[in-house]
Every structure is written in structure tokens, then in C-alpha cells.
Amino acid sequence: DPKLTVGTMNVPVESFDFKQEPMTQIMIGLQQSFPRGRTLHYKSKVEEELSSAETERLHSSRLDVLRGVRLSWIKLAYWIQTKKIVLKQKKIFQHLAKVTESMLGNNKAQQKDVIRAQLEITEIDNKLLNVQQNINVSRAQLARWIGSKLASRVRPRMINWQAPPTLKKMHNFLVRHPKLKTDDVIILAAKDKIRISEQQYYPGVSLDASYGIRQGRNTNRQKRDDFFTAKLSLDLPIFTGNRQDRMLNASKDFLLAHEMDRSTHYRQLHKFLKEQYVEWRQQQKSAWLYRAHLIPEARQYAESTMSAYQNTQTDFPTLARAYVRELNTEISGLSSSLNRDIARVNLLYLQGK
């Protein structure tokens, strides 16, 4: 931007009379500096690139928030579903307690069986306390993202996520991740900063133009002429060691640092992608195995053990272990589903979704 200058010149200090001396002037001028080489062009590019970097940072922050909401949601859903499983098992053991009491009355069971049934119910109550505590913690974590009022009302459930793309396609998504795109734009800005530093080896130009207004008249009674002044200044970069060379070296170091940051971020994301993809595949198989075989078989074993106990073909500890095993199998299956979903959420983050 140009500079406007206004002032006076050669004013007599005795009288401050602008008409007394012929050299007294009222000065009005403009000063314009022209940056070295193509400095303005590259500075404009740097500002545009840094603006794009902030846009990518905003996108990255939104992905972080979305990932946090999803993880908090599915963890809360997991503990709510776990509570339902434990409550169902509590009803089963309450039924077992009644069965043992009935069989005790018919001399088909022992007093220790009744006590064992009550003990199992007490242990389930203790487990419910732990589950409820985790529900409260998970709800508080969700409230961090969506607010306490809304988090207290929601009843999350496990989500049936769509399978991720192939690992090759995931790599294509990864290189377009906002975190890496931020690094890429900052690297472009760093390269343009090097070009700005290189332009400082060219001369700088300044142009001054001023108009001097004179008052009064000459000795021949003619009005005094006004003066016009123009000046061209060149800033010669002769001694470059103290400024230009240091600026250029600092710009190159700045570029190198951000290229290393970009390489580090890529390796971290690439490692995270491989870990989460393997985790998703393994937990997907494990969740299917629990759902298709382990849980139905554990349930069938508990039911057959119950039938055997009622026919006095087995003892109560065996029956209790069968139902505890069913409970643990269902919770383990749910845990596999949770781990699978956590990996899927992380893969969605790496996809930029």
C-alpha cells in the first residue's frame, strides 16, 4: 500500500511566516515501495496455502470429534447390552434357587445347593454394580461430546456397520486424509517461503513523489512557483550474510522440518491402518464364531445340565458352572463385537468419514 506524507519544509523559526522565505513549502507526497523480485506473488500464494491448511485442520478436527462420539456411543451401548445379559442370568439363577428349594423339600437336593444358588445371585448383583458404574462412566464420556442433557436420555444400541473397503482402497483413502493434506499444503507454503527468501537477493525499489506549495511573491511581485519532487531509491543487497543468507537457510530448515512431520504422520497412520484392519478382520471372525456356535452351544449345554440336575444326574456346582459359562460366553461374544466395532470406527476415521 502507498504511504501519504504531509508536512512543511524550511519554515522560519523566528516568525513562522510561510510567505517570508522563498524556500518555505507545504509538502504533500506519496511513497510507494515495490518488493524485491516476485515477493508479492509468492506471499499471496503462501497466504492462500496457509488458509487451505486451516480448512484441512478444521476437517481433521471434525473427524476427531465424530470418532470420539462414535466410540463413546458404542461403548455405552456395549455396557447397556451387558447389563441386559447379566439381568437375564440373574433371573435364571433366581429360578435355579427356587428349583433347588423345591428339590430340597423333596429330598432331591442338599442345603448347600440352595446356599450356592444364593451365592451366585449375590455375585451377579456385585457384577451388576460394576456394569452400572461402567454405564455411568461411558455416559459421562458421551456427554463430553453431545452434552449432559442429551446423553442422559439416549439409549444407544450396537450398530451394524458396513464392512470396510479392501486394504488397497483404504491406502488410497489414507493419502487423502485431512491430517496428511494439511501437511502437504504446509509443505507447499514452506517451498514458497524459500522462493520469497530467494527474492530478497534482488534489489528493492522505492518511488517518492511530492508536491511543494509555496506562498507569497518574489521580488518582482510574481507569485512563487510550486515545486515538484520525484525520487527513485534502490535497496542494494550487497551484504547478504547477515540477512538474506540466514533467511534462506531458516526457510529451508522450516521445509525440512515439515517434510519430516509429514513422513512421521504418514507412517503413524499407515501403521494404525494395518493394525485396525487386522483387528477388524479377526474380531469379525470371532464375533461370528460366538454368534453362530459358541453362544448357542453354551446355552444348549446349560439347558441340558439343568435337565440332568432335575433328574438328579448331576450336582448343583456343575449346573452353576454351566450357567456361569453361558453368561461369560455371551459377554465375551459381545466384547468381540465391541472390539470389531471399535476397529471399524477407527477405519472410518482413516477413510475420512
Side-chain angles (χ1 to χ4, degrees), residues 70-104 109-144 148 151-159 279 282-283 286-310 314-343 345:
R70 285 169 169 167
L71 289 176
S72 299
W73 180 279
I74 61 177
K75 287 178 182 178
L76 178 57
Y78 164 79
W79 287 111
I80 289 176
Q81 186 64 29
T82 299
K83 184 177 181 180
K84 292 180 180 178
I85 294 174
V86 176
L87 286 173
K88 181 182 70 174
Q89 290 296 319
K90 182 179 179 179
K91 290 182 179 179
I92 291 175
F93 273 99
Q94 287 174 338
H95 174 68
L96 289 179
K98 293 180 180 179
V99 170
T100 54
E101 289 175 358
S102 175
M103 293 179 66
L104 178 64
Q110 301 178 15
Q111 182 66 33
K112 65 178 182 178
D113 294 344
V114 178
I115 298 174
R116 176 66 182 270
Q118 292 297 330
L119 177 61
E120 295 293 342
I121 294 173
T122 304
E123 288 183 350
I124 288 178
D125 286 335
N126 185 57
K127 184 173 291 188
L128 280 172
L129 290 175
N130 181 59
V131 170
Q132 186 60 49
Q133 180 182 1
N134 283 285
I135 289 176
N136 295 337
V137 171
S138 298
R139 199 176 293 278
Q141 291 174 345
L142 182 61
R144 173 192 173 193
S148 300
S152 63
R153 297 200 307 263
V154 297
R155 295 293 180 268
R157 56 183 177 82
M158 303 297 282
I159 299 174
E279 176 74 4
Q282 290 180 344
Q283 296 299 331
S286 178
W288 176 84
L289 189 61
Y290 272 103
R291 185 175 60 255
H293 296 285
L294 292 175
I295 294 176
E297 289 170 2
R299 186 177 296 119
Q300 183 179 4
Y301 174 71
E303 292 173 353
S304 62
T305 305
M306 179 66 177
S307 177
Y309 177 73
Q310 289 176 328
T314 189
D315 57 2
F316 186 80
T318 303
L319 176 63
R321 285 195 298 270
Y323 277 102
V324 169
R325 183 175 183 177
E326 179 188 1
L327 169 64
N328 292 336
T329 302
E330 287 192 52
I331 293 177
S332 296
L334 189 62
S335 180
S336 291
S337 298
L338 172 66
N339 293 331
R340 175 200 61 196
D341 292 347
I342 289 176
V345 167

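Please read all numbers here as calculations on a predicted model, not as lab measurements. Throughout, residue positions are numbered sequentially from 1 according to the sequence presented.
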Determine whether Met306 and Gln310 make a side-chain contact, defined as any pair of heavy atoms from C-beta on separated by less than 4.5 Å. yes
Ala77 to Arg157 - nearest heavy-atom pair and separation: CB-C, 3.5 Å
Flag side-chain contact, heavy atom, 4.5 Å: Lys88 against Leu327: no
Compare all side-chain heavy atoms of Arg139 with those of Ile80 and state whether any distance is below 4.5 angstrom. yes
Other residues, nucleotides, ligands: >12 heavy atoms within 6.0 Å of Glu101 CD: yes
Might you point out which heavy atoms bring Ile124 and Lys90 nearest each other, and give the distance in Å? CG2-CB, 3.7 Å
Whether the side chain of Asn130 engages the backbone of Asn126 through a donor-acceptor N/O pair (distance < 3.5 Å, no angle test) should be reported. no
After noting the C-alpha distance and the side-chain angles of Ile342 and Lys75, does the key distance pass the side chain to side chain contact (heavy atoms under 4.5 Å, CB included) rule? CA-CA 9 Å; Ile342 289 176; Lys75 287 178 182 178; 4.1 Å; yes
Start with the C-alpha gap between Glu123 and Lys127, add the side-chain angles, then the distance that decides, and say whether salt bridge (charged side-chain N to carboxylate O under 4.0 Å, His left out) holds. CA-CA 6 Å; Glu123 288 183 350; Lys127 184 173 291 188; over 6 Å; no
For Leu334 versus Thr82, what's the shortest heavy-atom pair and its separation? CD2-OG1, 3.3 Å
Let me confirm one number: the CG-CG distance from Leu76 to Leu71, rounded to the nearest 0.5 Å. 12.5 Å
Quick one: closest heavy-atom pair of Ala287 and Ser337, and the distance? CB-OG, 3.8 Å
Value for CG (Leu319) from CG (Leu96), rounded to nearest 0.5 Å, stands at 5.0 Å
Atom pair CH2/CD of Trp79 and Gln132 - distance to nearest 0.5 Å: 11.5 Å
Separation between CD of Glu120 and CG of Asp125, rounded to the nearest 0.5 Å: 11.5 Å
Taking all non-hydrogen atoms of both residues into account, name the closest pair between Tyr78 and Met158 and its distance. N-SD, 3.8 Å
Nearest heavy-atom pair of Tyr290 and Gly333: which atoms, and what distance? CG-CA, 3.4 Å
Less than 4.0 angstrom from a charged side-chain N to a carboxylate O is my criterion; do Glu303 and Arg299 meet it? no
To the nearest 0.5 angstrom, please state how far the CD atom of Gln133 sits from the OG atom of Ser138. 10.5 Å
Please check: side-chain N/O of Arg70 versus main-chain N/O of Asp341, any donor-acceptor pairing under 3.5 Å? no
Please check if the side chain of Ser102 supplies one atom and the backbone of Lys98 the other of a donor-acceptor pair under 3.5 Å. no
Can you check whether Glu326 reaches Tyr301 side chain to side chain, under 4.5 Å on heavy atoms? no
Please confirm whether the backbone N or O of Asn328 pairs with a side-chain atom of Ser332, one donor and one acceptor, at under 3.5 Å? yes
Can you confirm whether the side chains of Thr318 and Asp315 place a donor and an acceptor under 3.5 Å from each other? yes
From CZ (Arg291) to OG (Ser336), nearest 0.5 Å: 10.5 Å
Answer yes or no: is there a side-chain heavy-atom contact under 4.5 Å between Lys91 and Leu87? no
